[in-house]
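First listed ligand is number 1; within each ligand, the first listed atom is number 1. Predicted model only: the values in this text are computed from it and were never measured.
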Amino acid sequence: MDSVSADVLDIVNPATEEIVTSLELTSLEETDRAIERAAAAFPAWRAVAPGDRARLLRRFAELVDGAVEELAQLEVANSGHTIGNARWEAGNVRDVLHYYAGAPERLSGRQIPVPGGVDITFAEPLGVVGVIVPWNFPMPIAGWGFAPALAAGNTVVLKPAEMTPLTAIRLAGLAREAGIPEDVFQVLPGKGSVVGWRFVTHPAVRKVCFTGSTEVGKRIMAGSAEQVKRVTLELGGKSANIVFADADLARAAAAAPYGVFDNAGQDCCARSRILVERGVLDDFLTLLENAVAGVRVLDPRSEDSEMGPLISAVQRDRVASYVGPGAPVAYRGSVPDGPGFWYPPTVLAPVDPASPAWTEEIFGPVVAVVPFTGEDEAIRLANGTEYGLSGSIWTENLGRAFRMARAVEAGNLSVNSNSSVRYWTPFGGMKQSGLGRELGPDALNAFTDVKNVFLATEQ
Ligand code: NAD
């Protein structure tokens with residue numbers, strides 16, 4: 001990675017290319033010590049009365065609420081997110097904390113009828129949980145891991161991505177101010193191959209909650225098998241936005257750019273493949289191009305900005321490699337002059353479904369359009385990928401909406417909308433987009449084990 005040297009990390013502002021700050025990388029020995037402290041803190045943390053653990057999480061949420069603007073400004077400088085998005089992201093951490101602050105008193109087990117006694121189950125915390133976070137959504141993805149993990153009585157070590165550690169470090173400071181003991185929630189900025197991999201190999205870490213690329217996720221899963229370590233994996237995506245001829249075309253086209261260019265396309269849920277029913281392809285493309293022309297690609301500090309730069313020069317080069325000479329560019333937007341890792345919103349149409357722009361996750365502001373004829377072909381095209389994270393179906397036909405929603409292999413679908421994420425509903429991928437579910441009521445299962453206890457009552 002371009003900004004990582006031996007032991008010091010330069011944090012670069014992607015919009016200006018200026019160094020924001022430099023940080024020491026956590027070493028292997030420091031990681032071991034942090035994990036040992038987290039393991040030592042576990043018995044006391046799980047023993048905190050449910051109501052008290054809830055109160056600490058609520059206080060943490062309120063401190064995050066008070067720091068939304070500070071956290072948002074930090075994310076704009078570190079990650080180039082638009083200020084509007086960054087405020088939403090900080091608010092999402094607050095909301096996720098409030099939601100899981102409701103969990104400690106509600107983590108009840110079951111009572112199951114058995115002869116000769118009583119059978120009850122307990123939702124037991126696992127111990128130390130290692131959370132590994134990517135650079136694209138540093139705040140929300142950290143919160144989706146640490147909030148339910150802490151609520152369920154686990155202690156947490158969290159590794160932010162190399163390039164984007166600043167908000168996670170500030171969140172750990174706010175946790176401390178809220179009264180959560182230092183060793184219960186520790187943030188360790190450092191390399192994936194050192195700190196992240198130690199979460200996989202250290203026997204005291206009982207669970208790894210990983211969000212990132214499918215390639216690294218597979219390695220985490222294979223490494224975790226050695227200790228039958230629990231994993232949650234949230235991996236890549238290549239989601240389909242399926243537009244039928246009977247849809248409200250104007251609405252579908254107006255929404256499509258924001259379903260893929262939000263966060264400059266660096267979004268695992270990006271609807272980066274648009275499937276359009278053949279009869280309306282030309283009409284849709286005209287509407288889409290107008291909508292893309294309206295996306296405001298501006299300095300991310302500006303209140304009007306809807307899209308900022310990419311995270312790094314490396315990422316920009318990767319994205320550009322999908323739009324080489326001969327690429328079917330139907331429309332290309334503009335970017336500000338001057339420094340920054342900018343790439344214009346780009347529409348490729350029509351694309352060969354065998355081309356890398358259609359099959360690989362680009363993770364940038366490039367969308368590929370392919371026409372289809374009928375539901376069967378739409379399903380075949382949508383499912384013709386190893387990914388299965390999210391997707392959209394645009395139609396005014398209710399039966400078709402449900403048929404398609406059941407047929408598309410993805411964990412998070414929306415009908416006549418491109419919205420996938422609500423903190424109180426489950427989120428996660430099918431096929432190679434992941435394993436397990438975050439958010440909503442499901443996340444607590446991922447941070448607890450079921451213990452069954454039989455108590456004999458016969459003399
Ligand atoms: P990445 O896999 O390169 O890195 C993710 C994290 O893993 C980073 O913190 C990195 O330091 C760490 N890591 C790298 N190698 C490691 C190793 N050997 N052992 C342990 N940790 C290691 O991914 P990225 O480039 O930061 O993020 C982009 C990817 O994340 C995209 O593929 C995107 O789709 C995916 N993503 C998925 C979701 C989801 O919820 N499904 C959400 C956001 C991003």
Side-chain angles (χ1 to χ4, degrees), residues 1-4 9 25-26 28 31 79 81 89 92 130-145 157-165 167-168 187-202 205 208-224 226 229 231-239 260 262-272 310-312 314-316 318-319 360-364 385-391 410-412 420-421 423 426-440 443 446:
M1 208 157 279
D2 48 349
S3 60
V4 179
L9 192 63
L25 289 164
T26 309
L28 188 60
T31 307
S79 308
H81 292 195
E89 291 159 19
N92 181 258
V131 180
I132 303 176
V133 181
W135 47 258
N136 62 328
F137 286 112
M139 278 193 277
I141 292 173
W144 301 359
V157 285
L158 182 145
K159 194 201 86 62
E162 285 87 334
M163 290 184 281
T164 57
T167 47
V187 169
L188 313 175
K191 287 188 179 176
S193 55
V194 177
V195 182
W197 190 246
R198 193 63 183 134
F199 293 176
V200 176
T201 60
H202 198 299
V205 177
V208 174
C209 178
F210 172 84
T211 305
S213 60
T214 297
E215 184 196 341
V216 175
K218 286 179 183 175
R219 267 187 270 153
I220 303 265
M221 189 173 177
S224 295
E226 191 65 32
K229 189 169 292 197
V231 287
T232 297
L233 302 173
E234 296 289 0
L235 310 174
K238 188 73 185 174
S239 297
V260 56
D262 190 56
N263 205 25
Q266 304 165 118
D267 182 341
C268 52
C269 291
R271 273 74 169 158
S272 52
L310 296 174
I311 189 70
S312 65
V314 170
Q315 186 65 11
R316 184 178 53 191
R318 235 194 108 227
V319 171
E360 294 177 17
E361 184 181 43
I362 299 177
F363 227 52
T385 166
E386 282 310 317
Y387 292 118
L389 189 55
S390 60
N412 310 273
S420 317
V421 176
Y423 61 82
F427 177 79
M430 289 182 173
K431 301 197 287 188
Q432 293 192 26
S433 281
L435 192 68
R437 290 294 176 271
E438 299 194 288
L439 297 177

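At under 3.5 Å, not a single nitrogen or oxygen of T211, backbone or side chain, sits near a nitrogen or oxygen of ligand 1. Among the atoms of F210, none of the N or O lies under 3.5 angstrom from an N or O of ligand 1. Inclusion of E438 in the set of residues having an N or O under 3.5 Å from an N or O of ligand 1 is not warranted. Residue N136 places no N or O, backbone or side chain, under 3.5 Å from any N or O of ligand 1. For a threshold of 3.5 Å applied to N or O pairs, the pair formed by G192 and ligand 1 contains at least one separation below that value. Checked against a 3.5 angstrom limit, the closest N/O atoms of G212 and ligand 1 fall inside it. Checking only distances, E361 does come within under 3.5 Å of ligand 1, N or O to N or O. Here's the thing with K159: one of its N/O atoms is less than 3.5 angstrom from an N/O atom of ligand 1.
In this structure, the separation between CG on L28 and OG1 on T201 is 7.5 Å, given to the nearest 0.5 Å. Atom OG of S272 sits about 11.5 Å away from atom CD of E360, to the nearest 0.5 Å. Note that the CG atom of L435 and the CG atom of L233 stand 5.5 Å from one another [nearest 0.5 Å]. One finds the CG atom of L235 at 9.5 Å from the CE atom of M221 (value rounded to the nearest 0.5 Å). Taken from CD in E162 to CG in L9, the straight-line distance is 7.5 Å, to the nearest 0.5 Å.
No hydrogens or angles considered: nothing links the side chains of S79 and T164 as a donor-acceptor pair under 3.5 Å. Residues R271 and S420 bring a donor and an acceptor atom of their side chains to less than 3.5 Å of each other.
When each atom of ligand 1 is checked for a heavy atom of W197 under 4.0 Å away, the hits are 19 (N), 20 (C). Proximity to C268 (heavy-atom distance under 4.0 Å) selects the following atoms of ligand 1: 34 (O), 36 (N), 37 (C), 38 (C), 39 (C), 40 (O), 41 (N), 42 (C), 43 (C), 44 (C). Distances below 4.0 Å separate heavy atoms of R219 from the following atoms of ligand 1: 18 (N). The ligand atoms of ligand 1 that sit less than 4.0 angstrom from a heavy atom of E162 are 10 (C), 11 (O). Residue F427 approaches ligand 1 through these ligand atoms, each under 4.0 Å from one of its heavy atoms: 40 (O). Per-residue contacts place V133 under 4.0 angstrom from the following atoms of ligand 1 (heavy atoms of the residue considered): 6 (C), 8 (C), 9 (O). Listed by number with element, the atoms of ligand 1 under 4.0 Å from a non-hydrogen atom of I141 are 42 (C), 43 (C). Near F363, with a cut-off below 4.0 Å to any heavy atom, the atoms of ligand 1 are 28 (C), 31 (C), 33 (C), 34 (O).
The closest non-hydrogen atom to atom 6 (C) of ligand 1, taken over T201, I132, T214, comes from I132. The option with the heavy atom closest to atom 15 (N) of ligand 1, from among L235, L439, V216, is V216.
Side-chain atoms of V421 and F137, non-hydrogen and from C-beta on, never get closer than 4.5 Å to each other. With a 4.5 Å cut-off on side-chain heavy atoms, N92 and M139 do not count as touching. Residues L389 and Y387 have side chains not in contact (no heavy-atom distance under 4.5 Å, counting atoms from C-beta outward).
Contacts of F363 classified as ring pair (Phe, Tyr, Trp, His ring centres under 6.0 Å), with partners at least two apart in sequence or in another chain: W135. Listed by chain and number, the residues in a side chain to side chain donor-acceptor pair (under 3.5 Å) with T211 amount to none (sequence neighbours excluded).
Residue F137 places every heavy atom at 4.0 Å or more from ligand 1. Distances from ligand 1 to the non-hydrogen atoms of A161 include at least one value under 4.0 Å.
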